[in-house]
K.L.:
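Input: one structure, supplied below.
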Amino acid sequence: MTAHFKEDTDILNPVLEIAYNATYTSANYVYISDWNRWYFITGMETGAQRLYLKCHVDVLYTYRTGIRDLNCIVERIENKIAGNLYMNDIAFKSEVRKIISTRKLSGSFDKGHSSFILTTGGKS
């Protein structure tokens, strides 16, 4: 598909002019290779066998690789299920409880048997 930019367009909200094709009227997304950016189609207008696509840049998808490769220090968590309860977030209240459980091991410590003792611990 060949598209032309409508006059007075900008890189964040371009308006593309293309030859009318009914197939394109159901589109909702477009890639502009000249700018190496992805765009949401936010509106359409027709006129004189032309279709005008009003677009808005999809910043997250356009820069997804760079965003994904960032090293970040997270300051807030969204919820306690997906979050990290060890992170110091004063806006999120958490509760710490000691959980102590004991289990009797099968087997013995006699010669000829391999036995394991599993212990875990932390600050109290």
K.L.:
Hey, any chance L12 and W35 share a hydrophobic cluster, counting ILVMFWY side chains that come within less than 4.5 Å of each other, even indirectly?
P.N.:
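In one cluster: yes.
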K.L.:
Before giving the answer on side chain to side chain contact (heavy atoms under 4.5 Å, CB included), spell out for I67 and L60 the whole-Å C-alpha distance, their side-chain angles and the decisive distance to 0.1 Å.
P.N.:
CA-CA 8 Å; I67 293 170; L60 293 178; 3.9 Å; yes
K.L.:
Report all side-chain donor-acceptor pairs from residues 38-47 shorter than 3.5 Å, counting only partners two or more places apart or in another chain.
P.N.:
unit_1: Y39; atom_1: OH; unit_2: I11; atom_2: O; d: 2.6
unit_1: T42; atom_1: OG1; unit_2: K54; atom_2: O; d: 3.1
unit_1: E45; atom_1: OE2; unit_2: K54; atom_2: NZ; d: 2.8

K.L.:
Measure the spacing between OG1 of T62 and CD1 of I32 and express it to the nearest 0.5 Å.
P.N.:
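It comes to 9.5 Å.
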K.L.:
Which residues pass the side-chain contact (heavy atoms from CB on, under 4.5 Å) test with N36, not counting sequence neighbours?
P.N.:
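side-chain contact (heavy atoms from CB on, under 4.5 Å) list for N36, sorted by chain: Y31.
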K.L.:
Taking all non-hydrogen atoms of both residues, which atom of T9 and which atom of P14 are closest, and how far apart?
P.N.:
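Closest approach of T9 to P14: OG1-CA, 2.7 Å.
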K.L.:
Step by step, work out the side-chain hydrogen bond (donor to acceptor under 3.5 Å, both in side chains) result for R37 and Y63.
P.N.:
CA-CA 8 Å; R37 286 180 168 81; Y63 299 105; 2.8 Å; yes
K.L.:
Can you name the residues that form a side chain to side chain donor-acceptor pair (under 3.5 Å) with R50, not counting sequence neighbours?
P.N.:
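Checked R50 against side chain to side chain donor-acceptor pair (under 3.5 Å); matches are E17.
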K.L.:
Of all residues at least two apart in sequence or in a different chain, which pass the side chain to side chain donor-acceptor pair (under 3.5 Å) check with S33?
P.N.:
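For S33 there are no side chain to side chain donor-acceptor pair (under 3.5 Å) partners, ignoring immediate neighbours.
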K.L.:
Residues in side-chain contact (heavy atoms from CB on, under 4.5 Å) with L70, at least two apart?
P.N.:
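Partners of L70 by the side-chain contact (heavy atoms from CB on, under 4.5 Å) criterion, ordered by chain and then number, come out as C72.
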K.L.:
Just to verify, which of L51, V30, T2 counts as forming a side chain to side chain contact (heavy atoms under 4.5 Å, CB included) with I18?
P.N.:
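Result: among L51, V30, T2, L51 is the only option passing the side chain to side chain contact (heavy atoms under 4.5 Å, CB included) with I18.
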K.L.:
Would you compute the distance between atom SG of C55 and atom CG of L16 and round it to the nearest 0.5 angstrom?
P.N.:
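Nearest 0.5 Å value for the SG-CG distance: 4.5 Å.
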K.L.:
Do you reckon F5 sits in the same ILVMFWY cluster as Y24, going by side-chain contacts under 4.5 Å, direct or chained?
P.N.:
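Yes; Y24 is reachable from F5 via cluster members.
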K.L.:
With sequence neighbours left out, what residues match Y20 under side chain to side chain donor-acceptor pair (under 3.5 Å)?
P.N.:
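Listed in chain order: nothing, the list is empty.
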